[in-house]
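Notes follow once the structure below has been shown.
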Protein chains: 2
Amino acid sequence: MPRTRSGVGTGSRGENPSKRGSKLDLFRFVPFRLNRLAAEVSAALSGEYQERYGLDIPEWRVLATLGFRNDACSAQYIAHCTRTHKSTISRAVTALMKRRLVERLENEDDRREFQLRMTRKGKALYHELIPRLLRKEQEILSCLSAQERKDFALLLGKVEKGLGLVQTRKEASKTEAY
Amino acid sequence: MPRTRSGVGTGSRGENPSKRGSKLDLFRFVPFRLNRLAAEVSAALSGEYQERYGLDIPEWRVLATLGFRNDACSAQYIAHCTRTHKSTISRAVTALMKRRLVERLENEDDRREFQLRMTRKGKALYHELIPRLLRKEQEILSCLSAQERKDFALLLGKVEKGLGLVQTRKEASKTEAY
DNA sequence: CTAAGATAGTCGCATCTGCAACTATCTAAA
DNA sequence: TTTAGATAGTTGCAGATGCGACTATCTTAG
């Protein structure tokens, strides 16, 4: 049974409790909404990569990067383009190697870094996982019309760009160096 | 533990490294984009509440909730409406009480729970912080036109609703009980 | 060649946070 | 009343992750 609210409400006590417009509705505050939404979406997806395949997010990011570029690359490259700390990527790679999903080759030209690529087993898992994730994504976006999804992607892109999250062509070609 | 099954599942276990459309561009994958964007936006804001005022996100959420409802409420209520785990809220409240930003009163009707509210000092901090955060938010959204911001908020709302993140009126009145 | 500085990757440490167990309290039913 | 079950809040524990130090290697300048 609902407890009776103490009748204070927005009424002003002597002290001027809520002066000016200096109030903030968390539910309309975009940073909070983005955080909450991201957490919820991650939770919705985790059933696929986490429970079903035992991958955590950093591990999944490594596989996704390797799978998309169908080509070997360094851990540093993955860290840069997924904006994940290099130590996190390092641990993810270690775990993936233990499970024989990823292997690494010495780089002759620069023996500090390794070339990473998925093993056959890793690729199999990747190709099994991708359709599931894409389906989940569509499920999450199913509340939007086709046009709204486009708009949403466009707006996300603008905000990302505004925050410097988007690679320019120049940066991308520089990134090739990794 | 979900060991990978021997069969590859989607068939054609042959070589064929990148078959079909089973590829995923992380940069077009909405869950990844939301995660990255939320992290970046949080980082952009942390300068205000973290560095300047020594608050972490859960602490900030407690203050924001108390500030918006200009009324005392329980820790459980805050946990529910911010979708934060109750243990996290508990620790945040403890920290805020140590700093005398928040105080709690025994609830006569139910001695399990406490009524939380900001102290004068807490309110002062809150009213100093809010305009800064709102300014930051506007800064982040400055890459969007007024109409685009509206659209963005609307689309966020639809996705939130689709995920069950939005309170209906009925739930809201039920929540009053907390 | 040598030395200084940059970079790739690893690892220890500290922090954060979710989970689950626990206490105290409330509610409802026998 | 007694007892079983629910709920508010706290806390120990473990897993995840960022930071910074460290090693090894590369590059560039003298």
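Below, all heavy atoms of this structure are taken into account, side chains as well, without hydrogens, waters or symmetry copies. We name chains A, B, ... by the order of the sequence lines, and we start the count at 1 in each one. As the structure is a computational prediction, the values presented were derived from the model and not from experiment.
Comparing C:dG9, C:dT25, D:dG9 by their closest approach to the side chain of B:Glu113 singles out D:dG9.
Distance CG (B:Asp109) to C1' (D:dT7): 15 Å, rounded to an integer number of Å. If you measure from atom CG of B:Leu116 to atom C1' of D:dT10, you get 14 Å, rounded to the nearest angstrom. Atom P of nucleotide D:dA6 and atom CG of B:Asp110 are separated by 16 Å, given to the nearest angstrom. Here C:dA24 presents its C1' atom at 14 Å from CG of B:Asn107, a figure rounded to the nearest Å. In this structure, B:His80 places its NE2 atom 11 Å from C1' of D:dA8, rounding to the nearest Å. Separating the CZ atom of B:Phe114 from the P atom of C:dC26 is a distance of 11 Å, rounded to the nearest angstrom. The distance between atom CD of B:Gln76 and atom C1' of C:dT25, rounded to the nearest whole Å, is 14 Å. The OH atom of A:Tyr77 sits 18 Å away from the C1' atom of C:dT7 (whole-angstrom rounding).
With the nearest nucleotide of DNA chain D identified for both B:Arg112 and A:Glu108, B:Arg112 has the one nearer the 5' end.
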For a quick test of your reading: what N or O donor-acceptor pairs under 3.5 Å do the side chains of residues 92-100 of chain B make, sequence neighbours left out?
{"from": "B:Thr94", "atom 1": "OG1", "to": "B:Ser90", "atom 2": "O", "distance (Å)": "2.9"}
{"from": "B:Arg99", "atom 1": "NH1", "to": "B:Tyr53", "atom 2": "O", "distance (Å)": "3.2"}
{"from": "B:Arg99", "atom 1": "NH1", "to": "B:Gly54", "atom 2": "O", "distance (Å)": "3.1"}
{"from": "B:Arg99", "atom 1": "NH2", "to": "B:Tyr53", "atom 2": "O", "distance (Å)": "2.9"}

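Although no hydrogens or angles enter the test, the distance criterion places no donor-acceptor pair under 3.5 Å between the side chain of B:Thr84 and the main chain of B:Ile89.
Salt-bridge annotation for A:Glu48 and A:Lys136: absent, with no side-chain N of the basic residue lying under 4.0 Å from a carboxylate O of the acidic one. Under a 4.0 Å N-O distance rule, the pair A:Arg91/A:Glu59 does not qualify as a salt bridge. Salt-bridge formation is detected for the pair A:Glu40/B:Arg83: a Lys NZ or Arg NE/NH1/NH2 atom is positioned less than 4.0 Å from an Asp or Glu carboxylate oxygen.
Using a 4.0 Å cutoff on non-hydrogen atoms, the parts of residues 85-97 of chain A near DNA chain C are A:Lys86, A:Ser87, A:Ser90, A:Arg91, ordered by number. For residues 49-66 of chain B, proximity to DNA chain C is found at B:Pro58, defined as any non-hydrogen atom under 4.0 angstrom from a strand atom.
Ring geometry, A:Tyr126 versus A:Trp60: the interplanar angle falls under 30°, so the pair is classed parallel (tilted spans 30 to 60°).
In this structure the side chain of B:Leu55 reaches within 4.5 angstrom of the side chain of B:Leu125, judged on heavy atoms. Using a 4.5 Å heavy-atom threshold, the side chains of B:Arg117 and B:Val102 count as separate. Counting heavy atoms from C-beta on, the side chains of B:Arg104 and B:Gln115 never come closer than 4.5 Å.
Remark: A:Arg111 is in phosphate contact with D:dT25, judged by side-chain N or O atoms under 4.0 Å from OP1 or OP2.
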